[in-house]
Amino acid sequence: MQVRRLAAWAAVPLVATLGLAACGSGGDGGSGDSNPNATVSIQIGEPQHLIPTNTTETAGNQVLAGLFTPLVTYDAQNKPVEDQAESITSTDNTLWTIKLKDGYTFHNGEKVTSDSYINAWNYGAYAPNGQGAAYFFEKIAGYDDLQSTDPDGDGPQKAPTPKANTLTGLKKVDDLTFTVTLSAPYTDFKSMLGYNAFYPLPNAAFSSPGVIKDGFEDAIIGDGPFKMKGTWQHDAKIEVEKYDAFAGEKPKVAGVEFRIYQQLTAAYADVISDNLDVLPTIPTENLTSVTTDLGDRFQQSPMSSFQFVAFPTFDPNFAKPEVRKAISMAIDRDEIIKSVFKDSQQSARSFVSPVVSGYRDNTCGAACEFNPTKAKADYTAAGGPAKIEISYNGDGGHKDWVDATCNQLKTNLGVDCVGAAEPKFADLLDKVEKKTPVGMFRLGWVMDYPSMEDYLGPLYSTNGSSNYYGYSNPQFDALVKEGSAAATPEEAIKKYQAAEDILANDMPVIPLRFGQNNFGYSNKVKNVEMDLFQVVNLTKIEAVS
């Protein structure tokens, strides 16, 4: 089972402007003139990786957003629009033709060609390379032949060599054109191509065909508006500088220092004192004072995060939808957001985020409305367990809201409820993946690309990449599959919405909260924007003098 953009944290942010806009603007910061010769600094955590097909977390993705150019970006309605691609077309949603714009080069001067994409994608899909985002290529024909299974898990035996090392679905037409054949029709494939796993790599990345050169990741060569300055200074900083030969939109600053912090509170103090320019996430403990501390340099914008509590549906205690719905009705979401999150998030009563097309308000219906009287009656009638445990990761700031939820369940259902912390998010995932008894458990999700399918498929399909709760409904699976194969996005949405309606009846998870970007910046920058993926727009930000 692959882990996609599961979110470990709880504290993302304020409500107010949730809508369908692609990004939020920070407006003006400093009052001086723009200085194109200045650099800016942005807080990040230590990235896990910087190879595009191995980067599945937000810190690494923020750096890659400066170093690479995607095939597509997204407009104000979150529709994909060509960026480095000249065109992306298909008549059947199975055979796709991608034509590249001429003139793009990597930072070492190599031209960006069809081979740049084909080589990078083959590398990413080949199982022995162990790339964290390999599953993004599973829709391309031939993917299965690049996979192999370790016969004893993590035991002493090694997985056999796969049947093939390149995807049969990738074909070069000419230097600027290639085709992609999918194993089944997928109407959202163009939208999917905006994800960082689909960036190209130069020939200089490889020491031999399919083998990344040692040290390449620390001095990575991309094709974006910025190039690496020096090498990755682990646990300290990553510096990039403007790439003068960039063929796309030019940045308005000379460079960016991605400054790696161990504690958000330290970064918060630095942005207040103008020693750091952008802090993408305000620490929870500073939410009450942030408007005083930063004034209009504290900003909020839409984000795609979705927080929920999942049921182990294979556990007899939670096998009945009636039990799951009763627990949901016993939770006062609005009260927890007010008391714990200081009105900084939005109650979720649907299974997909408001930022994607096809979102409908309150698809969960009565099961997500706070109704303690009905909750207790239904829970008792369905024979719900006398004791409930809610497991969470202790490194994500979840204790307060889990405790508040348990207190509500004690009061409203008359059960014994406890919160159980696992030290790290990875520990929680290990346990739920192995179906270790942990009771109910919290999870969160940030979309990979704007599509209802990106919420429904991986989280609830029988073989979904992040379906840790064992939920399975053949009718749901069929509707998601029909949506993926639909002729148009509009037809796909109808199928996806029908699938979401099934979730409302089965309740494999309890929707709790939708998040938002909650960021701040110094007096030395302006035009600070963050997108739905919690990434600062590096071509908009300006330094002021």
Side-chain angles (χ1 to χ4, degrees), residues 10 306-341 345-351 362-393 398-422 428 431-432 435-445 459-460 467-473 476 500-514:
F306 170 50
Q307 298 277 343
F308 56 93
V309 167
F311 294 100
T313 60
F314 46 83
D315 183 334
N317 284 321
F318 302 106
K320 294 180 180 178
E322 293 80 7
V323 170
R324 306 195 288 255
K325 291 179 181 177
I327 294 173
S328 177
M329 286 189 289
I331 298 172
D332 188 345
R333 295 161 175 75
D334 297 338
E335 173 57 29
I336 290 175
I337 284 175
K338 180 180 179 181
S339 61
V340 178
F341 292 99
Q345 298 193 20
Q346 180 186 21
S347 294
R349 295 185 173 87
S350 300
F351 297 86
N362 197 21
T363 56
C364 183
C368 286
E369 296 297 330
F370 179 53
N371 188 339
T373 302
K374 181 173 173 54
K376 187 168 186 178
D378 290 357
Y379 193 77
T380 301
K387 181 176 181 178
I388 290 175
E389 183 179 42
I390 302 177
S391 292
Y392 63 96
N393 50 302
H398 298 287
K399 183 179 188 304
D400 289 347
W401 73 260
V402 169
D403 287 347
T405 302
C406 264
N407 287 335
Q408 290 187 353
L409 296 181
K410 289 176 183 177
T411 299
N412 299 327
L413 296 180
V415 299
D416 182 16
C417 180
V418 295
E422 295 292 334
L428 176 63
K431 285 194 173 182
V432 297
K435 293 184 169 51
T436 302
V438 295
M440 296 160 56
F441 51 94
R442 62 73 43 186
L443 286 177
W445 183 256
L459 290 177
Y460 310 111
N467 177 358
Y468 289 99
Y469 13 94
Y471 173 67
S472 179
N473 185 318
F476 175 88
E500 188 183 8
D501 290 342
I502 292 176
L503 296 180
N505 187 58
D506 291 350
M507 287 291 287
V509 308
I510 298 176
L512 292 178
R513 298 180 301 279
F514 296 124

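In this structure, Lys435 forms a cation-pi arrangement with Phe314, its terminal cationic atom sitting closer than 6.0 Å to the ring centre and no more than 45° off the ring axis. In this structure, Arg442 is not positioned above the aromatic face of Trp401 in the sense of NZ or CZ being under 6.0 Å from the six-membered ring centre and within 45° of the axis.
The aromatic ring centres of Phe306 and Phe514 sit less than 6.0 Å apart.
To the nearest 0.5 Å, the span separating CG on Asp315 from CE on Met440 amounts to 11.0 Å. Asp501 CG to Phe351 CZ: the interatomic distance, rounded to the nearest 0.5 Å, is 9.5 Å. Residue Ser347 holds its OG atom at 9.0 Å from CZ of Arg513, rounded to the nearest 0.5 Å.
A donor and an acceptor atom, one from each side chain of Tyr460 and Asn467, are nowhere located under 3.5 Å apart. Between the side chains of Arg333 and Ser328, at least one donor N or O lies within less than 3.5 Å of an accepting N or O.
A donor-acceptor contact shorter than 3.5 Å links the side chain of Thr313 to the backbone of Tyr469. Put simply, the side chain of Asp506 never gets that close to the backbone of Pro508: no donor and acceptor are under 3.5 Å apart. In terms of modelled atom types and a separation under 3.5 Å, the side chain of Ser339 and the main chain of Glu335 share a donor-acceptor contact.
Residue pairs that meet the salt bridge (Lys or Arg N to Asp or Glu O under 4.0 Å) test with at least one member in residues 370-388, sequence neighbours left out, are Lys374-Asp378.
Residue Ala375 comes nearest to Ala330 through the heavy atom pair CB-N, 3.8 Å, listed as atom of the first residue, atom of the second, then distance.
Screening Ile327, Thr405, Leu409, Val402 against Cys417 for a side-chain contact (heavy atoms from CB on, under 4.5 Å) leaves a single residue, Leu409.
Looking at Lys399 and Asp403, a side-chain N of the basic residue comes within less than 4.0 Å of a carboxylate O on the acidic one, giving a salt bridge.
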